[in-house]
Peer 1: 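I have a structure here, written as structure tokens, and I will follow up with some questions on it.
Within every chain, numbering begins at 1; the chains are lettered A, B, ... in the order of the sequence lines, protein sequences first and strands thereafter.
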Amino acid sequence: MNQAQIKQQAETAKTMFAMENISKVYRTELIETHALRDFTLQVNEGEFVAITGPSGSGKTTFLNIAGLLETYSSGHYFLDGVNTRDLNDKQLSHLRNTKIGFVFQGFNLIPDLNAYDNIEVPLRYRNMNRSERKDRVQQALARVGLESRAKHFPAQLSGGQQQRIAVARAIAGSPAFILADEPTGNLDSLMARQVMELLENINDQGTTIIMVTHDQDLARRTQRHVQIIDGQVTEMFKHF
Amino acid sequence: MFWYQYQLALRSIRKTPILSCVMIFILATGVAVTTICYTHYHHLKKNPLAHKDEHLFLLQTDSWDEKTQYERTPNHLPPLHSYRDSVALLASDIPLRKTAITKWGGSMHNPEIQQKAIFVRGNIVTRDFFAMFEREFIYGGAWNAIADQQFQNVIILNEDVNQKLFSGDNSIGKSVMYENIQYQVVGVTKKVQHSNPTYDIAQFRWPQPDAQFYIPFSVIKAAEFGAWTRYECPQDLRDYGSHWYQPRLINSCIWIGLWYEFAGEEQKHQFENFVRNYIQDQKKAGNYPRPIRFALSSIGDYMQLNQQGYDEDKTTIYIGFFTLLVCTLNFVALLLAKFMRALPESGVRRALGANRRVIFAQHLIESTTLGSIAAVLGMLMTFAGLLYLQLVWKSAPAPSSGLPVQDNTVLMEPDFYLMTVCVLTAIAASICAGLYPAWRACKVPAANYLKIQ
Ligand SMILES: Nc1ncnc2c1ncn2[C@@H]1O[C@H](COP(=O)(O)OP(=O)(O)O)[C@@H](O)[C@H]1O
Ligand SMILES: [Mg+2]
């Protein structure tokens with residue numbers, strides 16, 4: 001995409017993700033930890049945002065809240081236009097199932113399921129019929145270039161292949177955005193590059209991606225780079 | 001969705017085959033022990049003549065002595081009557097059917113063949129007995145009405161005795177010698193083994209051996225036989241003579257049961273008046289010194305009356321339930337360990353959009369699937385256990401008298417109802433056992449399981 005296109009897109013684009021003054025406080029008997037304070041971030045459809053920050057700065061907390069796996073203490077979080085405050089578990093799970101694709105540092109594939117069945121899991125929780133599930137799984141496999149590994153179990157795949165299957169699982173349900181937590185953290189540099197290229201490729205085809213990483217080089221490759229320190233957004237860079 | 005959850009359950013069960021087998025075995029054991037412990041109670045509480053409860057009644061009258069009440073029945077009415085009262089109370093024409101019952105035993109043989117005499121135990125009854133208690137005949141039928149009034153040497157054998165004396169052939173018209181008197185066979189009854197003592201309900205809760213022969217009630221006066229039944233006497237200072245047998249035909253000692261069948265309420269009501277008048281009348285002769293009290297109870301009524309007696313048999317049921325509880329708790333512990341080990345997968349499923357209810361259901365389905373398999377195994381174990389107990393009872397040495405022993409194996413008969421109880425218990429136990437582990441699994445803090453180890 002060239003600069004003009006992106007500018008145009010930014011003006012007309014739909015907001016996929018909006019956090020306004022989100023705070024998260026962890027209370028234990030001894031201390032209160034303000035993992036996020038007045039955290040505000042907006043991401044438009046089609047963007048690729050990298051989030052970096054030192055250890056303990058709140059990146060994982062941000063991802064968990066963004067992924068609706070944890071609640072927040074105050075503020076507002078709109079996901080594809082839906083206010084996520086006061087939703088019950090069923091509604092949150094449904095949003096998570098239909099709007100969010102996860103890619104984790106540890107892959108988190110289910111070891112007893114083959115690649116095909118792993119990719120199918122989120123679709124299973126959607127009451128989708130068999131043939132549509134099949135189409136989507138096969139498309140996703142094709143997009144990550146692993147059609148031939150459909151029957152392989154995670155243990156039979158390399159780390160990079162596992163992560164690509166995880167990416168396929170994340171995109172199979174056509175989510176509003178993908179949340180990636182250090183997606184290349186467990187991979188050697190060659191495999192890391194492959195996965196990163198895959199994510200970029202997916203982004204090019206229109207899927208919004210929010211990626212947490214501590215790798216500055218990777219961050220620089222994205223369109224936008226947000227730095228968190230001490231639970232707050234401190235700097236934003238635009239890379240064009 | 002259910003199908004998917006069920007597949008997940010099967011996969012999880014197959015994944016740890018040994019653990020799954022142990023869990024199934026534990027639950028099946030608990031369920032089988034419970035069902036086996038419950039079996040005898042289930043059979044004792046069965047009333048094979050429940051459909052006659054509106055019509056068929058045991059008569060009890062308070063013929064006991066002035067000073068003490070009768071203590072050995074729950075309603076404090078003697079279960080039996082004296083011969084004197086029995087004859088008078090049988091004389092009424094109001095009931096549709098009526099019978100006396102007392103028990104005799106002795107030696108019997110077929111005079112036509114050289115054979116050692118067999119020792120038999122039978123009932124002294126009227127011809128109505130067979131219709132009242134639904135005894136079926138293989139050959140012949142009940143004796144005629146005259147035999148009830150005027151003694152005739154007629155006898156009805158049961159199928160076992162007919163087998164022993166006549167090799168199972170039709171013996172109608174043939175003779176048998178019973179205690180040195182010749183009788184002509186008029187009928188052969190089909191053997192029944194009720195777990196419920198029916199006409200002995202006021203004396204026993206446990207099954208009684210099938211009578212091996214039947215002789216008309218009129219024999220009591222004609223021949224002097226000792227009664228083989230409970231023989232109890234109220235305090236009665238009158239002198240009835242010192243003959244070994246004759247006094248029992250006129251004294252107040254009780255040894256004869258009385259049963260009546262009525263066509264309807266009206267008839268029963270009339271008969272109650274008859275009994276009341278009879279007791280009133282007897283008071284003039286110095287009998288029935290206590291306040292007028294009598295009861296007509298159906299078999300069902302009597303069982304209800306004797307609930308406390310049946311409750312004594314519940315002890316084993318408590319043992320069964322305790323075993324089930326222990327087994328279920330073991331099952332819970334193993335299930336919990338299994339589910340906790342699978343938490344990372346549950347965490348991933350939560351992240352991928354499964355809500356808590358779905359995760360809860362998935363785990364409960366797994367527990368119930370184990371329960372269903374345990375139900376089948378438990379059923380087999382129950383069957384085996386009951387057959388084993390029957391075998392043990394059957395192989396107990398027979399008494400040297402040669403008389404039939406009280407056959408308790410009917411109390412260990414597996415039936416459809418018990419199998420249903422067994423299956424439902426297993427499934428219910430597995431659902432209960434699954435609740436807490438499934439709840440723990442669905443409460444998984446997904447985020448904790450997604451971090452890099
Ligand atoms: N469950 C928790 N309970 C208490 N404190 C927590 C919890 N999770 C994270 N924290 C604290 O919140 C802060 C932010 O943590 P985290 O979001 O994991 O940082 P990062 O991922 O950037 O390393 C840290 O100080 C951490 O100790
Ligand atoms: Mg982190």
Side-chain angles (χ1 to χ4, degrees), chain A residues 24 59-71 87-114 117-128 130 133 154 166 169-170 172-173 175 179 181-183 185-186 212, chain B residues 1-20 335 337-366 369-370 435 438-453:
Chain A
K24 174 70 183 180
K59 300 186 298 294
T60 300
T61 306
F62 160 76
L63 264 183
N64 287 342
I65 292 173
L68 303 172
L69 295 169
E70 252 180 70
T71 55
L87 294 185
N88 63 26
D89 174 67
K90 196 176 169 191
Q91 295 163 321
L92 288 172
S93 299
H94 180 71
L95 266 185
R96 196 157 59 227
N97 180 243
T98 51
K99 303 280 185 192
I100 305 173
F102 285 98
V103 179
F104 305 101
Q105 182 177 1
F107 320 141
N108 285 315
L109 295 175
I110 295 171
D112 310 322
L113 300 181
N114 63 28
D117 291 339
N118 261 293
I119 296 169
E120 200 187 23
V121 171
L123 307 180
R124 284 283 194 169
Y125 293 116
R126 240 189 241 194
N127 291 327
M128 200 176 268
R130 193 193 175 91
R133 286 201 310 263
R169 179 175 68 183
L179 286 177
D181 185 8
E182 303 270 12
N186 274 12
V212 165
Chain B
M1 190 56 120
F2 175 81
W3 183 238
Y4 182 56
Q5 311 260 53
Y6 182 66
Q7 284 175 309
L8 292 181
L10 287 185
R11 179 169 62 79
S12 166
I13 289 166
R14 274 200 307 263
K15 199 173 142 190
T16 54
I18 305 224
L19 179 65
S20 300
L335 203 60
K338 189 167 195 216
F339 288 177
M340 292 301 105
R341 219 169 52 177
L343 276 187
E345 180 178 330
S346 298
V348 173
R349 289 183 180 279
R350 289 280 286 142
L352 296 179
N355 62 42
R356 279 204 194 97
R357 274 237 309 269
V358 166
I359 298 287
F360 183 82
Q362 178 199 326
H363 288 85
L364 206 58
I365 288 170
E366 180 171 342
T369 304
L370 285 167
L435 288 176
W439 180 78
R440 286 286 303 272
C442 83
K443 285 285 180 192
V444 55
N448 290 2
Y449 288 93
L450 303 170
K451 286 182 184 163
I452 175 72
Q453 296 75 19

Peer 1: Whether the side chain of B:Glu366 engages the backbone of B:Leu8 through a donor-acceptor N/O pair (distance < 3.5 Å, no angle test) should be reported.
Peer 2: no
Peer 1: Just to verify, what does A:Glu70 make a salt bridge (charged side-chain N to carboxylate O under 4.0 Å, His left out) with, not counting sequence neighbours?
Peer 2: A:Lys24
Peer 1: Could you pull out the closest heavy-atom pair between A:Leu179 and A:Ala66, with the gap in Å?
Peer 2: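 In this case the closest contact between A:Leu179 and A:Ala66 is CD1-C, 3.6 Å.
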Peer 1: Pull out the residues in residues 337-347 of chain B that come under 4.5 Å of chain A, heavy atom to heavy atom, sorted by number.
Peer 2: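 B:Glu345 fall under the 4.5 Å cut-off.
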Peer 1: With a 4.5 angstrom heavy-atom cut-off, is it the side chain or the backbone of B:Arg11 that approaches chain A, or both, or neither?
Peer 2: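 Contact with chain A is through the side chain of B:Arg11 alone.
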Peer 1: I need the minimum non-hydrogen distance between A:Arg96 and A:Leu68, along with the two atoms involved.
Peer 2: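 Shortest heavy-atom contact: NH1-O, 2.7 Å.
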Peer 1: Does the side chain of A:Leu69 come within less than 4.5 Å of A:Phe102's, by heavy atoms?
Peer 2: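 A side-chain contact exists here, since the closest heavy-atom pair is under 4.5 Å.
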Peer 1: Taking the side chain as every heavy atom from C-beta outward, state whether A:Lys99 and A:His94 have any pair of such atoms under 4.5 Å apart.
Peer 2: no
Peer 1: Side-chain contact test, heavy atoms from C-beta onward, threshold under 4.5 Å: evaluate it for A:Asp117 versus B:Gln7 and give yes or no.
Peer 2: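 No - every pair of side-chain heavy atoms lies 4.5 Å or more apart.
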Peer 1: With chain A as the partner, which of B:Arg350, B:Lys15, B:Met1 has the greatest number of non-hydrogen pairs under 4.5 Å?
Peer 2: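 Going by pairs under 4.5 Å, I would pick B:Arg350.
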Peer 1: Does any backbone or side-chain atom of A:Arg169 lie under 4.5 Å from a heavy atom of chain B? Answer side chain, backbone, both or neither.
Peer 2: side chain
Peer 1: Under 4.5 Å heavy-atom distance to chain A, tell me which part of B:Gln362 shows up: side chain, backbone, both or neither.
Peer 2: side chain
Peer 1: Which bit of A:Asp89 comes within less than 4.5 Å of chain B, counting heavy atoms only: side chain, backbone, both or neither?
Peer 2: both
Peer 1: Between A:Leu92, A:Ile110, A:Asp181, which residue shows the highest count of heavy-atom pairs closer than 4.5 Å to chain B?
Peer 2: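 Max contact count across the listed options: A:Ile110.
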Peer 1: For the OG1 atom of A:Thr60 and the CD1 atom of A:Ile65, what is their distance to the nearest 0.5 Å?
Peer 2: 11.0 Å
